[in-house]
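Worksheet for the structure shown next.
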Amino acid sequence: MTINLAGQRVLVTGGNRGIGLATVQQLARAGAEVTYTARTAAGAQAAGAVARGVVADVTDRAAMAALMAQDFDAVVNNAAIITPIGRIDTVPIEDWAQNITVNLVAAFHVIQLAITGMPKGGTIINLSSGAARHAMEGWSAYCAGKAGLAMVTQAVHHEFGDKGIRIFGFAPGVVDTGMQGTIRASGMNPVSKIPRENLAAPDDAAHGIAWLCTPAADVFAGQEVDVRHEAFRRAAGLPIIA
Ligand SMILES: NC(=O)c1ccc[n+]([C@@H]2O[C@H](COP(=O)([O-])OP(=O)(O)OC[C@H]3O[C@@H](n4cnc5c(N)ncnc54)[C@H](OP(=O)(O)O)[C@@H]3O)[C@@H](O)[C@H]2O)c1
C-alpha cells in the first residue's frame, strides 16, 4: 500500500535510532515534511537530508515548547526508556521516577503542546506496548508509564475526539532495537530470552505509524492498536502473519 502524506508536517520524538528512525524514514518516503528530536548533535544528523533533526531532550519542557511553537499536523510520541529493570525491592526511586518522567510526563507535555497547535485537528500517536496491559517482572516503571499513557490516549479521545484530534496508542510488536538489547542484557522475564533473530525489523511498525497519519485510520481513533493484530494489518495493508 502506498501512503501519501504530502503536505503533512510530522514530528517524531526520539527519531535518531530504532523505531523512531525507521518511522522518520518511512514518513519522509510518504512525502511528509518530517522533524525529529535527538539528544545529541550526531543524533540530529541520523536521518540525513530526508528530515530535520533538532537537538532536544523530551524532558526539557522549554525546549519542547520552543520546538512545538511551530504547528504540526501529526506528532509521534516515540521517545522512551525501559530502565530501570529490576524487582520493586531493588529499584532506586530516582530511576523509577525518571522513567515516568520520560515515558509519561514528557509524553503528556508533548500531547498538550500538540493539541494547542492543532486548532483545526490533527493526529497524535503514542507508542504503546503490551506492557501497558500486562505486568512484567522487573518492568514496574515501564509498565506503569505505558499503562498511564494508554489512559491519557483515552482521556484525550474523550476530550478532543470530537474536535478533530485523532489520537492512537500504537504497540509496535517486539522489535530489534537498542531497547531490546537492554532487555536481553538484563536476563529478567521471558522477553529477555527471545532470541535476537526472532525480533521484528522496525519496518512494519514504521509503516503502521505512517498509515495512522492518513484519514483511512479514523476507524481506530482513540484506541490502542497493535501492529500484530490482523484487523489492523488488513486495514493498514500489511501482510497477514501466518
Ligand atoms: N523495541 C520494542 O520491542 C518495543 C516494544 C513495545 C514498545 N516499544 C516502544 O517503541 C518506542 C521506541 O522504542 P525503541 O525500541 O525504538 O527504543 P530505543 O531503540 O531504545 O530508542 C529510544 C529512542 O528514544 C530516545 N529517548 C530516550 N529518552 C529520551 C529523552 N529523555 N529525550 C529524548 N529522546 C529520548 C532515544 O534517544 P537516545 O539515542 O539519545 O538514547 C532513542 O532515540 C518506545 O516508546 C518504546 O517504549 C518498543
Side-chain angles (χ1 to χ4, degrees), residues 11-26 35-47 51 53-64 67-68 75-85 95 97-111 124-134 136 139 141-150 152-153 168-186 189-192 194-196 198-206 208-209 212 224-229:
L11 174 67
V12 180
T13 63
N16 56 296
R17 62 188 172 101
I19 294 166
L21 178 57
T23 299
V24 167
Q25 292 166 334
Q26 173 66 55
T35 301
Y36 66 97
T37 70
R39 287 192 288 187
T40 64
Q45 302 295 323
V54 175
V55 178
D57 189 305
V58 289
T59 64
D60 182 339
R61 293 187 192 183
M64 293 308 292
L67 170 60
M68 295 181 70
V75 171
V76 183
N77 246 326
N78 170 76
I81 52 175
I82 184 74
T83 53
I85 298 177
D95 297 351
Q98 178 63 14
N99 182 293
I100 300 298
T101 298
V102 175
N103 293 6
L104 183 55
V105 181
F108 175 78
H109 189 221
V110 167
I111 291 167
I124 301 169
I125 300 164
N126 296 325
L127 268 287
S128 188
S129 167
R133 282 173 293 110
H134 303 289
M136 301 293 297
W139 293 6
Y142 184 76
C143 293
K146 290 294 184 184
L149 186 58
V152 173
T153 298
F168 308 90
F170 178 76
V174 188
V175 181
D176 187 12
T177 64
M179 184 175 284
Q180 284 295 335
T182 303
I183 291 167
R184 247 187 338 275
S186 76
N189 86 37
V191 182
S192 73
I194 301 173
R196 186 171 179 188
N198 291 0
L199 300 176
D203 310 26
D204 282 6
I209 292 166
L212 287 173
E224 293 279 304
V225 296
D226 189 311
V227 77
R228 294 162 293 190
H229 288 172

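Both ligands and their constituent atoms are indexed starting at 1 by order of listing. What you see below is based on every heavy atom in this structure, not just the backbone, and it leaves out hydrogens, waters and symmetry mates. This one's a predicted model, so the numbers in the text were calculated from it and none came from an experiment.
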Check: [Y] main-chain N/O paired with [X] side-chain donor or acceptor under 3.5 Å:
X	Y	result
Tyr36	Ala47	yes
Thr59	Ala106	no
Ser192	Ser186	no
Thr83	Ile85	no
Asn99	Ile81	yes
Asn78	Val12	no
Asn16	Ala46	no

Going by distance only, is there an N or O of [X] that falls short of 3.5 Å from an N or O of ligand 1?
X	value
Val102	no
Thr59	no
Asn16	yes

Starting from [atom], locate the nearest protein heavy atom and write down its residue, its atom name and how far away it is, to 0.1 Å.
atom	answer
atom 17 (O) of ligand 1	Met179 CB, 3.6 Å
atom 16 (O) of ligand 1	Ile19 N, 2.9 Å
atom 35 (C) of ligand 1	Ala79 CB, 3.6 Å
atom 22 (C) of ligand 1	Ala80 O, 3.8 Å
atom 7 (C) of ligand 1	Ser128 O, 3.1 Å
atom 32 (N) of ligand 1	Val58 N, 2.9 Å
atom 41 (O) of ligand 1	Arg39 NH2, 2.7 Å
atom 36 (C) of ligand 1	Arg17 NH2, 4.0 Å

Using a 4.0 Å heavy-atom threshold (strictly under), name the region of Thr37 that reaches ligand 1: side chain, backbone, both or neither.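 For Thr37, there is no contact with ligand 1 at all, from either part.
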What do we get for Pro172 next to ligand 1 when only non-hydrogen atoms under 4.0 Å count, side chain, backbone, both or neither?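 Pro172 to ligand 1: side-chain contact only, backbone stays beyond 4.0 Å.
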Taking a cutoff of less than 4.0 Å between a non-hydrogen atom of the residue and any ligand atom, is Asp57 in contact with ligand 1?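 Asp57: in contact with ligand 1 (<4.0 Å).
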Verify side-chain contact (heavy atoms from CB on, under 4.5 Å) between Tyr142 and Met179, making sure each step is shown before the conclusion. CA-CA 12 Å; Tyr142 184 76; Met179 184 175 284; 4.0 Å; yes
With side-chain contact (heavy atoms from CB on, under 4.5 Å) as the test, would you mind laying out the steps for Val76 and Leu11 before giving the verdict? CA-CA 6 Å; Val76 183; Leu11 174 67; over 6 Å; no
Pick from Thr153, Asn126, Asn103: which one makes a side chain to side chain donor-acceptor pair (under 3.5 Å) with Asn77?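 The passing option is Asn126.
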Taking only heavy atoms of [X] into account, list the atoms of ligand 1 that are under 4.0 Å away from them.
X	answer
Val174	3 (O)
Ile81	27 (C), 28 (N)
Gln180	1 (N), 2 (C), 3 (O)

Could you name the option among [options] that has the heavy atom nearest to [atom]?
atom	options	answer
atom 9 (C) of ligand 1	Tyr142, Phe170, Tyr36	Tyr142
atom 5 (C) of ligand 1	Gly173, Ser129, Gly14	Gly173
atom 44 (C) of ligand 1	Thr101, Asn126, Thr83, Asn78	Asn78

From Ile111 CD1 over to Leu104 CG, what is the distance, rounded to the nearest 0.5 angstrom?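 Here the rounded value is 8.5 Å.
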Starting from the C-alpha separation in whole Å, work towards a yes-or-no answer on side-chain contact (heavy atoms from CB on, under 4.5 Å) for Gln180 and Ile183. CA-CA 5 Å; Gln180 284 295 335; Ile183 291 167; 3.8 Å; yes
